[in-house]
Every structure is written in C-alpha cells, then in structure tokens.
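For reference, the structure discussed in these notes is given below.
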Amino acid sequence: MDDEALKESRRILRRVQDHLLAAHAQLGAQREAVGLVDVVYHPSSAFANLNYVTPRRNTAWVPSEMVQQGIAHLQQRGRAARVRYIEGLYPPLFGAALRELGLVVEHETPLMVYLAGGLASSPSSPATAAPLPDDVSVTTCADQRGIELWWYVWRNAHFDVLTLGAEPVLVGRDLAAVTAGQQLDLLLYRDSFPVGVARLSVHGQGAHLVGMALMKEARTSSLLRALAAAAARAALDRGCDLICAPGETEADRLTLRALGFRDFGSLVCYASAKAASASTNEARYDCILGQPVLSLR
C-alpha cells in the first residue's frame with residue numbers, strides 16, 4: 001500500500017473510530033483523557049462495550065506505561081482492565097505490547113466499510129442497489145407502533161440475530177433517536193408478514209449497521225443481501241457517505257462485499273484473562289439509566 005492509500009485508509013478508520021465513540025457517548029458513556037489514552041467509562045453500567053481504554057485520536061503509538069495508567073484509571077472505577085483499538089491505525093507491535101501487560105485478545109471484529117464515492121485509488125465502488133424479490137418490501141419505522149413491531153421481531157425466538165458487534169442495542173428511547181436522525185430502524189416484510197429487521201446508528205455523514213435479524217425459516221442469502229442493501233440505501237438516502245458494518249462471519253463478509261463494502265481492518269479488544277473468560281459468548285441484558293441494553297458476542 002503506497003503512502004497516499006495508507007493515509008486514505010487511516011482517514012476512513014478514524015471516521016469509524018469517531019462514530020463508535022459518539023455512539024457510546026449517546027448511550028451515556030463518558031470519556032476522560034489520561035495522557036495519550038482516552039478512558040471510556042459508563043457511570044451506571046459495567047458493560048464491556050462501554051468501559052475501556054483506547055488510544056487518543058491522532059496518536060501513532062502509546063507507551064505501555066501510559067496504557068497502564070489508563071487501565072488503572074478504569075479499574076479505580078470498578079471496571080475490568082480492557083483496551084480497544086482499531087487495527088490499521090496502530091502497528092502490530094501495539095498488540096504485542098498489550099500482551100506483555102498480561103492482557104489477552106477478548107475478541108476481534110472485522111470491519112467492513114462502504115464509501116459512497118469509492119476510494120481515490122478505486123473510485124467506481126459497486127452500487128448497493130439490490131432488487132427486492134416481488135413478494136418482499138422494506139419500510140422505515142417512523143412511529144411508536146413501528147418501533148414496537150421492530151422490537152417484537154428483534155426479540156422473537158424464531159429470528160436469528162445476524163450482526164451485533166461493536167455497538168450495543170438500547171431498548172427504549174428509540175423513537176426519540178429516530179426523530180433526532182440518530183437512528184434508522186427498518187422492517188422487512190414478506191407477503192405483509194415481518195420477517196426481518198435492521199438498525200443503523202447515524203452520526204453526521206457516517207452510519208453503522210448495528211444489527212440485523214431474520215426469521216429462521218425465511219433466512220436465505222438473497223434475503224439477507226436484500227436487507228443489508230436496503231439498510232445501506234436508507235443511510236445513503238439520509239445523506240451518509242460512509243457506512244460501516246461488522247463482518248462477524250465469512251458469510252457476512254461475502255454478503256457485504258457483494259454490495260460494495262470493503263475490508264478495513266478490525267476492531268480489536270484486549271482484556272484481562274478473567275474478564276475475557278467471563279464475556280466469551282455472552283448474551284445478556286444490562287440496565288443503563290433504567291433502559292435495558294443487549295450485547296451479544
């Protein structure tokens with residue numbers, strides 16, 4: 001990768017990083033600068049996704065002792081040792097330095113990014129448009145009734161949750177977020193019956209595909225692709241020029257690549273061995289300011 005391509009890649013990853021930090025702040029997380037790291041901390045929730053240390057923006061390297069200072073600051077607030085960063089913004093040696101501090105990889109989430117204008121080195125990004133089957137339609141939730149139906153589908157045992165990684169899903173305050181333009185909730189129907197949902201968070205001109213779910217009996221690669229494409233179109237129609245999504249599985253990544261998404265590194269989380277073991281394959285509800293939140297790994 002030449003210097004210009006590397007600069008462009010880092011610029012895009014910094015936008016993704018800024019988006020996730022903004023999303024966590026919207027959920028009530030606070031951010032404090034401690035030397036060359038930021039300590040993200042939620043005062044009333046111990047959720048892993050809302051309590052971590054991360055290198056400060058525009059830092060090329062963070063010495064181990066400053067990472068330790070950030071971890072100590074986090075632990076003083078009763079939170080487990082945890083460091084999150086986007087691979088691609090920091091050299092591989094950064095991960096090695098974290099392992100020397102006794103931390104282990106808790107999880108690594110590949111990041112996929114769609115750019116409305118493509119890359120400077122490859123401007124003709126494929127279109128996200130994918131025709132819906134004749135018996136399928138997609139609507140955007142715009143009122144409380146639609147939000148309630150969205151949640152009924154999301155939490156129904158007959159539906160598979162397909163994508164949920166870096167950003168927790170907040171139960172409640174949905175309509176306020178939709179009205180404020182910070183969230184897009186989509187419902188996918190087959191023959192007037194809801195068979196899928198998708199959610200995007202929106203900050204500025206960036207969007208994040210937070211989660212999708214499809215009815216188990218209706219789940220096909222074509223229907224998944226149609227739902228992801230509809231979500232991407234909704235973000236583009238809102239004026240977003242960057243859409244990021246977690247590529248949790250190879251099937252997810254293949255689906256997103258077919259829609260014009262590109263592989264852009266990973267979101268990496270290191271934690272103490274005890275904390276990493278406790279959170280493995282964890283699916284639970286927590287409470288933030290009286291509102292349940294779902295995090296699934």
Taking atom [atom1] of [X] and atom [atom2] of [Y], what is their separation to the nearest 0.5 Å?
{"X": "Leu36", "Y": "Met66", "atom1": "CG", "atom2": "CE", "value": "4.5 Å"}
{"X": "Cys240", "Y": "His208", "atom1": "SG", "atom2": "NE2", "value": "12.5 Å"}
{"X": "Met215", "Y": "Thr220", "atom1": "CE", "atom2": "OG1", "value": "13.0 Å"}
{"X": "Ser64", "Y": "Leu98", "atom1": "OG", "atom2": "CG", "value": "7.5 Å"}
{"X": "Arg262", "Y": "Ser9", "atom1": "CZ", "atom2": "OG", "value": "11.0 Å"}
{"X": "Asp160", "Y": "His158", "atom1": "CG", "atom2": "NE2", "value": "11.5 Å"}

Given 3.5 Å as the limit, does a donor-acceptor pair link the side chain of [X] with the main chain of [Y], or not?
{"X": "Lys274", "Y": "Ala80", "answer": "no"}
{"X": "Trp61", "Y": "Phe94", "answer": "no"}
{"X": "Arg199", "Y": "Gly211", "answer": "no"}
{"X": "Thr255", "Y": "Ala251", "answer": "yes"}
{"X": "Thr54", "Y": "Arg84", "answer": "yes"}

Self-check item: Contacts of Thr59 that satisfy side-chain hydrogen bond (donor to acceptor under 3.5 Å, both in side chains) - sequence neighbours left out
Solution: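 Thr59 satisfies side-chain hydrogen bond (donor to acceptor under 3.5 Å, both in side chains) with Tyr90 once adjacent residues are dropped.
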
Practice problem: Could you pull out all residues at least two apart from Tyr85 that satisfy side-chain hydrogen bond (donor to acceptor under 3.5 Å, both in side chains)? | Solution: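 Counting only residues at least two positions away or on another chain, Tyr85 forms no side-chain hydrogen bond (donor to acceptor under 3.5 Å, both in side chains).
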
Atom of [X], atom of [Y] and distance for their closest heavy-atom approach:
{"X": "Gly247", "Y": "Arg253", "result": "O-NH1, 2.6 Å"}
{"X": "Ala207", "Y": "Leu200", "result": "CB-CD2, 4.1 Å"}
{"X": "Leu149", "Y": "Pro194", "result": "CD1-CG, 4.1 Å"}
{"X": "Leu256", "Y": "Pro246", "result": "CD1-O, 4.2 Å"}
{"X": "Gln30", "Y": "Pro43", "result": "NE2-CG, 3.8 Å"}
{"X": "Ala29", "Y": "His42", "result": "N-CD2, 3.5 Å"}

Quiz item: Between Ile243 and Val113, does a side-chain contact (heavy atoms from CB on, under 4.5 Å) hold up when you go through it step by step?
Solution: CA-CA 6 Å; Ile243 307 164; Val113 176; over 6 Å; no

Between [X] and [Y], is there a shared hydrophobic cluster once you connect ILVMFWY residues whose side-chain heavy atoms come closer than 4.5 Å?
{"X": "Trp150", "Y": "Tyr152", "answer": "yes"}
{"X": "Met112", "Y": "Leu209", "answer": "yes"}
{"X": "Val105", "Y": "Leu74", "answer": "yes"}
{"X": "Ile71", "Y": "Val40", "answer": "no"}
{"X": "Leu21", "Y": "Tyr41", "answer": "no"}

Quiz item: So, Arg257 and Asp263, do they make that salt bridge, N to O below 4.0 Å?
Solution: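 The answer is yes: the pair qualifies as a salt bridge.
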
Self-check item: Test: Arg190 and Asp134 ion pair at under 4.0 Å
Solution: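 Result for this pair is no, no salt bridge flagged.
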
Practice problem: Please list, chain by chain and in numerical order, all residues satisfying salt bridge (Lys or Arg N to Asp or Glu O under 4.0 Å) with Glu217, sequence neighbours excluded. | Solution: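 Partners of Glu217 under the salt bridge (Lys or Arg N to Asp or Glu O under 4.0 Å) test: none.
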
Under a 4.5 Å cut-off applied to non-hydrogen side-chain atoms, are [X] and [Y] in contact?
{"X": "Cys269", "Y": "Val83", "value": "no"}
{"X": "Val268", "Y": "Ile86", "value": "no"}
{"X": "Thr109", "Y": "Glu248", "value": "yes"}
{"X": "His203", "Y": "Gln26", "value": "yes"}
{"X": "Tyr189", "Y": "Val136", "value": "no"}
{"X": "Leu186", "Y": "Leu184", "value": "yes"}
{"X": "Leu20", "Y": "Leu267", "value": "yes"}
{"X": "Lys7", "Y": "Glu4", "value": "yes"}

Tell me yes or no: between the side chains of [X] and [Y], is some donor less than 3.5 Å from an acceptor?
{"X": "Ser266", "Y": "Glu108", "result": "yes"}
{"X": "Thr249", "Y": "Asp252", "result": "yes"}
{"X": "Glu32", "Y": "His73", "result": "yes"}
{"X": "Asn51", "Y": "Arg77", "result": "no"}
{"X": "Tyr52", "Y": "Arg79", "result": "no"}

Exercise. Could you check Glu148 against Arg145 for salt bridge (Lys or Arg N to Asp or Glu O under 4.0 Å), going step by step and ending with a plain yes or no?
Key: CA-CA 5 Å; Glu148 290 171 358; Arg145 183 177 180 182; over 6 Å; no

Exercise. Evaluate side-chain contact (heavy atoms from CB on, under 4.5 Å) for Tyr114 paired with Leu242, printing each intermediate quantity in order.
Key: CA-CA 6 Å; Tyr114 179 85; Leu242 180 150; over 6 Å; no

